[in-house]
K.L.:
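This structure is in structure tokens; I'll ask about it shortly.
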2 protein chains.
Amino acid sequence: MCDSSYDPAKCQTVSEMLARLGDKWTVLVIMMLADGPQRFSDLKRAVVGISQRMLTLTLRALERDGLVSRTVHPTVPPKVEYALTELGRSFGEPIKAMGGWVFRNHDLIQMARAEFDERNPPAGQKLVQLG
Amino acid sequence: MCDSSYDPAKCQTVSEMLARLGDKWTVLVIMMLADGPQRFSDLKRAVVGISQRMLTLTLRALERDGLVSRTVHPTVPPKVEYALTELGRSFGEPIKAMGGWVFRNHDLIQMARAEFDERNPPAGQKLVQLG
DNA sequence: CAGTATCCCGGACGATACTG
DNA sequence: CAGTATCGTCCGGGATACTG
């Protein structure tokens, strides 16, 4: 990926986007917006557990990267609508690729984890086995 | 992705894998291992800037998820080899999908950022414009 | 309603030292 | 060599209060 036609700048962008995807809220917000434009308060309500602060920061980051558009309706009270841009919608592809892979391999992953946790005692505990 | 055939457990695994991908080192380690099995110290040297601690933690996490295998050669001094499993190699697909998307849209992203940063003053600074 | 500002805590991570 | 243990720092992010 970053091996062929190596471009440090682009590789850094890859890291940045991965880091963004990796945070707790971004994907959830994108998924909500995939259903269509949403107001700030709608998102706040839909994305359970997100704080006002984090919703703002998440949306700002997505807006900055051009994945989300922000349109202010100068009414009173204010009304701000967020929507996925064309770029934002196309971003669904790689996300779906990730999601698809996990779904296909979910059982293998869980089995691997169970096996690992069995081999590696979860915490300091005596192996009570036959005494 | 998580909309159709909704399964909370699988969706959580998706989040977990995304979070893993999002951290600073995981992808770099996977890319190194894509070239073939590597010893601990080789990885340490190859992944510039990673601490011993973080390399260990990263490898443990990947091992637990079944993406990486760890084989100890009981020699002296010790020799431990890490390698991608079949599952680990298949994980390259969605990663490549992400990377491909970013590469294709790199310029759009950069332009969006530049535009955003122009509209939104980077920090509190006077707009020195025509005085 | 849709934010921004401030405070504050827990966890992530680097640095360092020690061990089989 | 390949770790584990311990310590200290930094900052991500939640809670709360205030504003246009």
K.L.:
Write down the distance between CD (Glu81(B)) and P (dG3(D)), rounded to a whole number of angstrom.
P.N.:
12 Å
K.L.:
Side-chain N or O of Arg70(A) versus OP1/OP2 of dG3(C): is the shortest distance under 4.0 Å?
P.N.:
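Arg70(A) to dG3(C) OP1/OP2: side-chain N or O found under 4.0 Å.
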K.L.:
Identify the two heavy atoms, one from Ser51(A) and one from Lys44(A), that lie closest to each other, and give their separation to 0.1 Å.
P.N.:
C-CE, 4.3 Å
K.L.:
Among dG3(C), dC1(D), dC1(C), which nucleotide sits nearest the side chain of Pro77(A)?
P.N.:
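Out of dG3(C), dC1(D), dC1(C), the nucleotide with an atom closest to Pro77(A)'s side chain is dC1(C).
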K.L.:
How close do Pro78(A) and Arg39(A) get, heavy atom to heavy atom, and via which atoms?
P.N.:
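Result for this residue pair: O-NH2, 3.4 Å.
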K.L.:
Which residues, if any, of residues 48-59 of chain B bring a heavy atom under 4.0 Å of DNA chain D?
P.N.:
Gln52(B), Thr56(B)
K.L.:
Ignoring the backbone of Pro78(B), work out which of dG3(C), dT4(D), dG20(C) is nearest its side chain.
P.N.:
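Nucleotide nearest to Pro78(B)'s side chain: dG20(C).
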K.L.:
With side chain to side chain contact (heavy atoms under 4.5 Å, CB included) as the criterion, how do Arg113(A) and Asp65(B) come out once you've worked through the C-alpha distance, each side chain's angles and the decisive distance to 0.1 Å?
P.N.:
CA-CA 5 Å; Arg113(A) 288 181 180 175; Asp65(B) 286 345; 2.6 Å; yes
K.L.:
The helix from dC1(C)-dG20(D) to dG20(C)-dC1(D): angle between its terminal axes, five pairs each, to 10°?
P.N.:
40°
K.L.:
Looking at Arg89(B) and Glu86(B), is there a salt bridge between them, counting it only when a charged N and a carboxylate O are closer than 4.0 Å?
P.N.:
yes
K.L.:
Would you say dG3(D) has OP1 or OP2 under 4.0 Å from some side-chain N or O of Tyr82(B)?
P.N.:
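For Tyr82(B), the contact criterion (side-chain N or O under 4.0 Å from OP1 or OP2 of dG3(D)) is met.
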K.L.:
Extract all donor-acceptor atom pairs below 3.5 Å that involve side chains of residues 18-30 of chain B and protein atoms in other chains or at least two apart in sequence.
P.N.:
unit_1	atom_1	unit_2	atom_2	d
Asp23(B)	OD1	Trp25(B)	N	3.0
Asp23(B)	OD1	Thr26(B)	N	2.9
Asp23(B)	OD1	Thr26(B)	OG1	2.9
Asp23(B)	OD2	Thr26(B)	OG1	2.9
Thr26(B)	OG1	Arg20(B)	O	3.2

K.L.:
Of the candidate nucleotides dG3(D), dC1(C), dC1(D), which contains the atom at the shortest distance from the side chain of Arg39(A)?
P.N.:
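Of the candidates, dC1(C) comes closest.
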K.L.:
Give a yes or no answer on whether the side chain of Trp101(A) reaches the backbone of Ser90(B) with a donor-acceptor pair at less than 3.5 Å.
P.N.:
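Such a contact is found between Trp101(A) side chain and Ser90(B) backbone.
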K.L.:
For the residue pair Ala46(A) and Met32(A), what are the closest heavy atoms and their distance?
P.N.:
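Between these two residues, the closest heavy atoms are CB-CE, 3.4 Å.
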K.L.:
Please find the pair of heavy atoms, one from Val80(A) and one from Tyr82(A), that lie closest to each other, and give the distance.
P.N.:
CG1-CE1, 3.7 Å
K.L.:
Any side-chain N or O of Trp25(B) less than 4.0 Å from the OP1 or OP2 oxygen of dA12(C)?
P.N.:
no
K.L.:
May I have the distance from Lys24(B) (atom NZ) to dG12(D) (atom C1'), rounded to whole angstrom?
P.N.:
15 Å
